[in-house]
There are 2 protein chains.
Amino acid sequence: MGRKKQSRVTLQEVAKHAGVSRATASLVVRGSPNISKETREKVLKSIKELGYIYDRVAANLRSHQSSTVGLIITEIGNPFFSELLVGVHEALDKEGYTVILGTTFDSPDKQDALLATMLEYRVGGVIMSPVPGSSPDMVERLKQWGIPVILVARKMLSEEPFDYVGIDNVAGGRIAAEHLIEQGHRRIAFLGGFSNSSVWTDRKKGFCEAIEQAGLEMDESLFVQSPATRQGGIEAIKRVMQHPQPPTGVFCYNDVVASGVMLGLKEQGIVPGKDVAVVGFDNIPESALFSPSLTTIAAFPDRLGAKAADLLHRRMKGDEEEAKKLILQPELVVRESS
Amino acid sequence: MGRKKQSRVTLQEVAKHAGVSRATASLVVRGSPNISKETREKVLKSIKELGYIYDRVAANLRSHQSSTVGLIITEIGNPFFSELLVGVHEALDKEGYTVILGTTFDSPDKQDALLATMLEYRVGGVIMSPVPGSSPDMVERLKQWGIPVILVARKMLSEEPFDYVGIDNVAGGRIAAEHLIEQGHRRIAFLGGFSNSSVWTDRKKGFCEAIEQAGLEMDESLFVQSPATRQGGIEAIKRVMQHPQPPTGVFCYNDVVASGVMLGLKEQGIVPGKDVAVVGFDNIPESALFSPSLTTIAAFPDRLGAKAADLLHRRMKGDEEEAKKLILQPELVVRESS
DNA sequence: CTGAAAGCGCTAACAT
DNA sequence: ATGTTAGCGCTTTCAG
């Protein structure tokens with residue numbers, strides 16, 4: 001019935017209750033081995049009786065440590081990122097870290113603000129998917145303060161080498177194009193995303209390599225940039241299908257774009273997977289459900305997240321080795337759309 | 001280049017550099033109006049020059065305030081929750097709060113552990129979707145410590161009334177059933193989810209009300225519980241279609257289950273939306289993309305999240321009024337599957 | 001193995 | 001409008 005706010009019990013009080021000093025009580029809460037079994041039990045008992053709650057904030061302040069890590073992603077709406085989040089979260093949880101989450105929605109200002117906030121909160125490390133084209137200044141500043149930063153899924157253009165965990169987007173683009181070529185397609189479009197992102201340029205690079213290697217004509221008008229959203233996909237496919245010589249195969253920047261592309265095709269009475277082949281990227285869980293189910297390039301976001309978390313953990317433990325790059329290989333998943 | 005870790009500049013040093021006292025410098029960083037323009041500028045200049053970073057952790061410790069809030073959900077995999085997260089996050093960001101995220105994966109132990117961790121981190125408030133059947137003890141404990149808790153999307157069984165933001169699940173169940181009845185269905189199943197959750201019982205309640213009101217037979221074998229996952233949906237529909245008198249309409253616990261149900265139907269050569277009508281719940285963005293597109297009950301998770309955040313903000317500002325219940329009305333979204 | 005004292009970086013409550 | 005003093009709750013020396 002709305003009991004009044006109690007003030008927190010302090011370690012001091014616990015110590016008094018147990019008849020030991022504050023320092024001893026502190027050792028007990030931290031599970032130090034240099035404490036006799038008796039005292040430990042005495043203190044533990046007092047903790048229970050008084051309802052003591054460890055104040056991690058005060059402890060971190062004093063000990064100059066931090067068990068919080070910041071995670072910065074662009075948007076949670078894209079299942080790719082929500083799975084990444086899951087991967088990071090699970091791995092970090094296991095090590096006893098607490099995660100502070102931030103979303104940039106691809107705004108460089110928001111990204112800087114988030115990093116600043118995380119600095120103020122004394123995070124011990126940061127895992128982030130940088131906003132395309134954003135400046136590495138803030139990130140370098142963090143590193144200067146001794147706060148390790150792991151880039152995940154997206155690279156950053158910088159002199160300084162950063163730790164990075166991602167997939168081989170060039171290979172992914174190549175595999176996608178090769179698959180479409182193998183299916184007999186000669187005019188293949190690349191739709192969605194913007195060229196300011198390293199992900200886009202890498203996927204395009206692999207895509208072009210395969211096109212050229214197959215001796216196909218490279219038609220720049222088959223590259224249509226658009227927001228990496230469903231709506232962006234709808235618009236991109238409509239635009240490219242107005243081409244006098246429309247493509248028979250489409251490689252999409254990601255699965256979300258691909259979902260829009262298939263929607264846009266249907267609206268025009270074109271059957272995806274039959275009239276026009278569609279290949280996505282990421283292999284989000286939903287892609288198996290689309291109609292037709294989507295052929296795509298699996299990017300394993302959860303694994304990416306877990307790897308990034310592991311690497312960060314090592315850095316926070318004091319691993320000072322040179323910047324590492326962890327690149328996972330993507331895999332083709334063939335379904336009905338191609 | 002690995003420059004060595006610098007130690008943080010303190011307010012003390014800023015004050016000395018600017019030739020003022022620590023207290024004055026403190027007032028400046030907090031934007032107090034009782035500071036002359038000159039001193040403010042002097043201090044601000046020193047801050048820039050020294051690269052000072054405000055230590056929010058120390059400040060919170062001293063001032064007994066907290067600008068972090070905990071957000072506890074079950075799983076980010078379900079788009080319903082990722083949208084909820086977006087809603088909460090945006091609203092809280094605007095007010096300058098920082099969000100600590102936790103996921104329970106529907107484990108009561110994990111939920112208690114998360115709440116304990118959040119207590120240790122001195123969160124100023126918590127927004128959570130409780131694990132079905134979990135005990136309210138921890139939550140009541142938080143409230144005892146003066147930490148407001150807002151329940152969102154799921155209720156908790158407790159003597160104590162809690163603040164709660166959710167949708168009218170009874171109405172949602174009723175609307176869904178009424179729609180199917182209107183379409184001429186006489187045997188309607190309710191698939192997915194478990195009866196230990198308030199959400200399930202509420203949706204079922206509304207569902208049953210409509211069935212009874214229409215004078216239809218209530219067949220308990222048409223209620224199949226299963227995990228609220230795609231796989232759960234597949235299993236549930238397979239089970240119920242083995243019934244000697246299978247249903248012609250299906251109301252699913254949520255859209256994720258519905259996606260599995262439609263998959264399961266297709267596997268058996270049954271065409272969802274034609275042979276069997278399917279209605280989901282939540283209106284996750286993907287539901288428009290399913291094939292056939294899914295008729296569903298919109299639950300507006302982002303609005304739910306935003307409302308919960310607003311309410312929490314008011315509580316943290318000291319609003320001591322009695323527990324509030326905010327119930328949004330769901331809406332029927334008719335698409336091809338029914 | 002335990003205790004006493006000092007102090008992390010900041011703000012509150014006075015003074016002036 | 002600014003300075004002084006005290007202390008948030010904890011950990012870290014350093015003694016013993």
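Letters A, B, ... mirror the listed sequences (proteins, then strands); counts begin at 1.
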For this session: Assess whether side chain to side chain contact (heavy atoms under 4.5 Å, CB included) is satisfied between A:R315 and A:E320, documenting all intermediate values.
Result: CA-CA 7 Å; A:R315 291 297 188 201; A:E320 297 277 0; 5.6 Å; no

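- Note on A:S26: every side-chain N or O is 4.0 Å or more away from OP1 and OP2 of D:dT12.
- Within the structure, every side-chain polar atom (N or O) of A:S63 is placed at least 4.0 Å from both OP1 and OP2 of C:dC8.
- At whole-Å resolution of the value, CD in A:E120 and P in C:dT11 are 11 Å apart.
- Heavy atoms of A:V20 sit under 4.0 angstrom from primed sugar atoms or phosphate atoms, though from no base atom.
- Here A:S21 reaches the OP1 or OP2 of C:dG3: one of its side-chain N or O atoms lies under 4.0 Å away.
- In terms of position on DNA chain D, the residue among A:Q12 and B:R62 whose nearest nucleotide sits closer to the 5' end is B:R62.
- When heavy atoms are screened at a 4.0 angstrom cut-off, A:A59 is found touching the sugar-phosphate backbone but no base atom.
- Atom pair A:D55:CG and D:dC8:C1' shows a separation of 9 Å (rounding to whole Å applied).
- A straight line from NZ of A:K42 to P of C:dT2 spans 8 Å, rounded to a whole angstrom.
- When rounded to the nearest whole Å, the span between CD of A:E13 and P of D:dC8 equals 10 Å.
- Proximity of a side-chain donor or acceptor of B:R56 to a complementary backbone N or O of A:E120 within less than 3.5 Å is not detected.
- Between B:R40 and B:H64, the residue whose closest nucleotide on DNA chain D is further toward the 5' end is B:R40.
- The side chain of A:T10 contributes no N or O atom lying less than 4.0 Å from OP1 or OP2 of D:dC8.
- The A:R122 side chain lies nearest to C:dG9 when the options are C:dT11, C:dG9, D:dT12.
- Looking only at distances, a side-chain donor or acceptor of A:Q111 sits under 3.5 Å from a matching main-chain atom of A:V131.
- In this structure, the CD1 atom of B:I47 is 10 Å from the P atom of C:dC10, given to the nearest Å.
- A:H89 places a side-chain N or O within donor-acceptor distance of the main-chain N or O of B:L101, the cut-off being under 3.5 Å.
- C:dC10 atom C1' lies 16 Å from atom CG of A:N60, rounded to whole Å.
- In terms of phosphate contacts, A:Y52 brings a side-chain nitrogen or oxygen within less than 4.0 Å of OP1 or OP2 of D:dC10.
- Side-chain nitrogen and oxygen atoms of B:S36 include none within less than 4.0 Å of the OP1 or OP2 phosphate oxygen of D:dA1.
- With DNA chain C read from its 5' end, the first of the two nearest nucleotides for B:L61 and B:R30 is the one closest to B:L61.
- Rounded to a whole Å, the CD1 atom of A:I35 is 13 Å from the C1' atom of D:dT11.
- Listed pair A:T39 / C:dT2 meets the phosphate criterion, a side-chain N or O lying under 4.0 Å from OP1 or OP2.
- Side chain of A:S158 to backbone of A:E160: a donor-acceptor contact under 3.5 angstrom is found.
- Counted by atom type alone, B:S26 and B:R30 present one or more donor-acceptor pairs between their side chains at under 3.5 Å.
- In this structure, CZ of B:R22 is placed 14 Å from C1' of C:dA13, rounded to the nearest angstrom.
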